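Quick caveat, the model's predicted, so the values are computed rather than measured. In each ligand, atom 1 is the first atom listed, and ligand 1 is the first ligand listed.
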Amino acid sequence: MLTNRQIFQAHLATPSVVHDPIEIVRAKGIYLYDNEGNEYIDLVSGVSVSNVGHLHPRVVEAVKNQLNDYMHLMVYGKFVQSPQVRLAELLTKQLPESLNSVFFVNSGSEAIEGALKLAKRLTGRAEMIGFKNAYHGGTMGALSMLGNEELKNAFRPLLPAIRFLDFNNTEQLLQITDKTACVLIEPVQAEAGIIIPEKNYLKALRARCNKTGTILIFDEIQMGFGRTGKLFAFQCFDVVPDILCLAKAMGGGMPIGAFISSAEKMKSLTFNPELGHITTFGGHPVSCAAALASLQVLLDEKLIEQAETKGQRYVDELIQHHAVENIRRIGLMLGIQVIKSIDINKLMKSIRKHRLIVDQFLFDNNAFRIAPPLTITDSEIDKTIELVYSALDESIQ
Ligand code: PLP
């Protein structure tokens, strides 16, 4: 009889070769458990998903309650469904008036697709601007906006009329003109290795978009829902986008995404032609119930406020290790840059041996990410720092 691991390797299509897959049988809080009884600490949150930890009891309860009422009823937008309504109500309460209309989808990529379509529809323009080393998802539109040639080339032709700017280069903002439909940007670049915008960069971008009538889209799919120390990343920089894209941590572990704009702007997907964007499962009631509970947990348990001190706790200790060159951080999201002589693959193996789950970045080969659930305690942080220290020691020998 084949083991699950053998079936995984024979019959599951995966985007990369996984040499030593772990079989997880259970997850709780910051912990993952494998089929051999080993306990791991999750320091990536399923790539910025489990901000409230795995199986948070309030999220589980909300899912169970919703399962007593209904699952999918009808394609998105035809019936009033209370989980969608309650979630949109609480979400928009946290947002400025210009972001008062939520279009629910199933994933981050879909949120990006919807946002790009909305921007084209609003402006009637074709040109779109993205950023080098940006990642926005795997669908054709999102892939077209990917700021990396190597990962894109095999799939050409992609969407035309896209330009890429260097993040943090204010002079290049002049390339945004009255021909530009939209600028799509992660307010903090994630897969580039946690690149923080310089002071006033996003304000200058906002001003340029205002001047040229260009729609400004923020991709907060990885940085939203408390990761940065604010509920939304744009709140760190005092700049409001025209369209906000969310997903990942939104569902508290269930799949859901959204693009959010003003009711006025969103109307252009409803009329002339109608059905400007359609989804069957977008805003699935079970996912919405989980997302509502997850958002309530973030707000009630003061997890967002703690992200800053918890993140700094990692920096204070890890920066002292001589294998660490620098650390880029916002809230509880860290990019740990190691010195060039470290073999990062060896380091990753060593970290795994200490039963920590971390991850590398798509576009920075000399760094790894630490972004645990926001529920991690100070003593758990200290324990993981010790383990990372041991792994760093070993990788230097
Ligand atoms: N945007 C960013 C910044 C992301 O990190 C990701 C996924 O990693 C996406 C978009 C795409 O989201 P999804 O994988 O849910 O389609």
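The distance between the ring centers of F103 and Y76 falls below 6.0 angstrom. Ring centroids of F225 and F232 are separated by less than 6.0 Å, placing the two rings close together. Between H321 and Y389, a ring centre-to-centre spacing shorter than 6.0 Å is recorded.
Counting heavy atoms closer than 4.0 Å to ligand 1, residue A190 contributes nothing at all. Contacts of E110 with ligand 1, taken as heavy-atom pairs under 4.0 Å, are absent altogether.
Inclusion of D219 in the set of residues having an N or O under 3.5 Å from an N or O of ligand 1 is warranted. Remark: ligand 1 and G108 share an N or O pair separated by less than 3.5 Å (distance only, no angle test).
When Q222, M250, H136 are checked for heavy-atom proximity to atom 5 (O) of ligand 1, Q222 turns out nearest.
Scanning the protein for heavy atoms near atom 16 (O) of ligand 1, the closest one is S109 OG, 2.5 Å. Of the protein's non-hydrogen atoms, the one nearest atom 7 (C) of ligand 1 is K248 CE, 3.1 Å. With respect to atom 4 (C) of ligand 1, the closest heavy atom belonging to the protein is Y135 CD2, 3.8 Å.
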**Worked check of side chain to side chain contact (heavy atoms under 4.5 Å, CB included) between F281 and V75** = CA-CA 7 Å; F281 284 122; V75 295; over 6 Å; no

**Request:** Could you walk me through whether F259 and H277 pass ring-ring contact (aromatic ring centres under 6.0 Å, His included), step by step?
**Result:** CA-CA 11 Å; F259 58 103; H277 195 68; 5.7 Å; yes

**Request:** Starting from the C-alpha separation in whole Å, work towards a yes-or-no answer on side chain to side chain contact (heavy atoms under 4.5 Å, CB included) for R369 and V44.
**Result:** CA-CA 7 Å; R369 112 180 64 204; V44 278; 3.6 Å; yes

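E191 does not count as a contact of ligand 1, since none of its heavy atoms falls under 4.0 Å from the ligand.
Under the side-chain hydrogen bond (donor to acceptor under 3.5 Å, both in side chains) test applied with Q222, the options E186, H136, K248, E191 reduce to a single match, E191.
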